[in-house]
Amino acid sequence: MINQDYIITDVPGKIRNLKIHPSNGIRALYEAFVNSIQAIEEKHEKSKLENPEIKITLIRDENILFEFNDISDYAVSDVIIYDNGIGFNDINYNSFKTSESVYKQKRGGKGVGRFFWLKVFEYVKIESCYYNTDKNKFYYKEFEFRKSRQGIHLLKNESKEKKQITYTKISLFGLREKYQKHFSRNYEQIADLIIQNHISYFIQESCPSVKIINQTKEKSFTLKLNKKFNSDYILKIDNDSFEIKNEKFKIEFLKIKSLKNKPKHTIFYSAHKRSVAEQNIAGFIKDLKDVNIEDNDFNEKLYISVIVTGNYLDEYVDDVRTNFSFPEGDEEETGSSVVTMRQIKNKTKTLLKKYLENYLIEIKKDKISYIKKLVNKKFYGYRSLLKHTDYLDDIDITSGDEKKIEISLHKAKNKLITDIKEKTNEIIDFDSVADPDKQEEYKKKFKEIIREVNDVGQLSLVDYVIHRKIILKLFEKALGTESNDNYEKESVLHNLIVPMKITSEDIEFEQNNLWLVDEKLVYHDYLASDKPLNNEYFKKGSNRPDVIIANDLLSDNPLVYVEKDKDIHDTIVILEFKKPMTKNIYKDDPTEQLLKYVIQIEDENAYKATKEGRLLKTSSNCIYYCYLICDFPKNMAKNLIKFKNFHSTPDKELLYKFPTGSSVKIFYQIITYDKILKDANARNNFFFEKLGLNID
């Protein structure tokens, strides 16, 4: 007799609200598989089941215009899951009809798994034989589950006179196209996914026999998952545990055989024996990326799977089993005192590193050896970092990409510097009077921090020296650049020395490379680059030096020791850049423009030193250092020496003139670009040699 029955929910609405990414369509199969596991567990509880089994049949879509040689080349269209568990008895059936049913709550059921089926497949057919204890009879039930208002169709419920084998067969028909595209075609790969996502079941002795049947109209192939698990997967299982805020967690370390595929060391955070979230172990133990662990006990190469379980995870898994509902971050971030995912992960990582300690020793030795060779050959600036090998743990060398390795070294160096700064602050804040019992500990830490600070100092110094080497290389390259636009070359060289259109209010100390011209110029009170010398900051056609630098006279070395708040300046430096290879800089005296800048500044109304309008004022004894940087046209040096009282260095690439006659003291230097490059290289080569750097 066929009756019509109704599911107690709006099925289309429920399915619409389920969010399942196309790549997660296989979860519909997982839900049916776990239903079968639970049906067998329930049967076991009532009476011993001699040969529990689950069969998963993959039906291929052969309705295409051409044929494939391999059955696995056909896309999966239908999936049938059979088990010989307790069957669809009245309790299970009523639970099926009730959305969000709590009947299987103790087994981890969320009451929504069947809706996964209709999200991923067109419709479902269920056939089941079960035993009714009240009536002492076997019954056969058959119905379809569809995406309709009532959900259940074509219900058949018939009693059987003879003893029957209880079973359930769930047929998932019509894999929807967007999920079919991502649904694996290879049945061995599907088997691996089932094992990996339900490994907590497979490691139990009570696990039923599980088979995958690969089927077409003419052929079928069977794969036994338990056999595959025992032969291809498990070698050994070790256990540990941890506790966070009175919540207890169990952790299982599985040594898994490594086969043809690249190893993937994985942590599975599980709820109710089902994987919910995964974490690639190589993400935080870089030494394990694409690396097999060699285990002498088994004479095997293997990889590690970790399963983390606990009542806390069971309680707070979300409905679709893809995440947990408790916070991810730390207490400071979430404002909550509950256990967070990060705390669970950190505890797991700590125990895992301890578990793998012996395996990682040799791997780390090889990695450190590789990094040392690379640093000594190429990345000299990180030599001091080699004394702190713990900071190299997060460096991945498996790709062999030296640029990426250098970036990782840079990150490790910054972490070391940050940690040492924190330790230094602790030492500085230590009160030996208030806490005399800790003086010995303080002395020990003090000695350690001195050594570490020296290491950091060397790292920072080498960084700065390497920065200089790079700037010199770029400067040399810019000089050799082939371009018909000499202004373009001038602007490139100018920007290398100091960025254009800025003041010292716009850039940090490290952003200027004035040391290329003169080391003293690096230390200044005020700087302006390519800004006009008048009250209208951007007035077209106004005179403006390329770079103007102001300092205050406080000692015998005024360009080094400066006071930031002084308004009247005792030294002014002016730099003017001329187009490289220009044949006719000036018809007469190339320093005339520099003199005009000095006159304008001396007027005390010429130059706004800040955007707020503060004037650049000078003392009565102000000295002007004027630099003209250019290439010397033919006979220019000769004429300036002969007629304008200039002097020359022996290499004929620098002309200088001392202040004479005038009450305003002006010191001139005219320097070639080649001279700047040559002298800067000579000065800095000393540092390269002292630090053992050879980075040409």
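Keep in mind that the numbers below use all heavy atoms, side chains included, and drop hydrogens, waters and symmetry copies. Starting from 1, each residue takes its place in the sequence as its number. Given the structure is predicted, the values throughout are model-derived calculations rather than measurements.
Between Tyr359 and Tyr355, the ring-plane angle classifies as tilted under the 30° and 60° cut-offs. Taking the six-membered ring for Trp and thresholds of 30 and 60 degrees, Phe577 and Tyr673 have nearly parallel ring planes, at less than 30 degrees apart. Between Tyr625 and Phe667, the angle of the ring planes lies from 30° to 60°, which puts this pair in the tilted group.
In this structure, Asn684 and Trp515 have side chains that are in contact, with non-hydrogen atoms separated by less than 4.5 Å.
Leu655 pairs in a side-chain contact (heavy atoms from CB on, under 4.5 Å) with only one of the listed residues (Ile641, Thr672, Leu628), which is Ile641.
We find that Glu576 and Lys578 are joined by a salt bridge, their nearest charged nitrogen and carboxylate oxygen being less than 4.0 Å apart. Asp390 and Lys364 are joined by a salt bridge, as a carboxylate oxygen and a charged side-chain nitrogen come within less than 4.0 angstrom of each other.
Residue Lys675 places its NZ atom among more than 12 non-hydrogen atoms of other residues, nucleotides or ligands, all under 6.0 Å distant.
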(request) Before giving the answer on side chain to side chain contact (heavy atoms under 4.5 Å, CB included), spell out for Ile666 and Val598 the whole-Å C-alpha distance, their side-chain angles and the decisive distance to 0.1 Å. (result) CA-CA 8 Å; Ile666 307 174; Val598 174; 4.0 Å; yes
(message) Using the rule given for salt bridge (charged side-chain N to carboxylate O under 4.0 Å, His left out), can you reason through Glu328 versus Arg342, listing the C-alpha separation, both sets of side-chain angles and the distance that settles it, and then say yes or no?
(response) CA-CA 6 Å; Glu328 172 68 28; Arg342 186 173 299 166; 5.2 Å; no
(request) With side chain to side chain contact (heavy atoms under 4.5 Å, CB included) as the test, would you mind laying out the steps for Asp674 and Lys678 before giving the verdict? (result) CA-CA 6 Å; Asp674 289 335; Lys678 182 171 65 178; over 6 Å; no
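In this structure, Lys367 contributes its side chain and Leu392 its backbone to a donor-acceptor pair below 3.5 Å.
Atoms CG and CG, from Leu677 and Leu516 in turn, are 8.5 Å apart once rounded to the nearest 0.5 Å.
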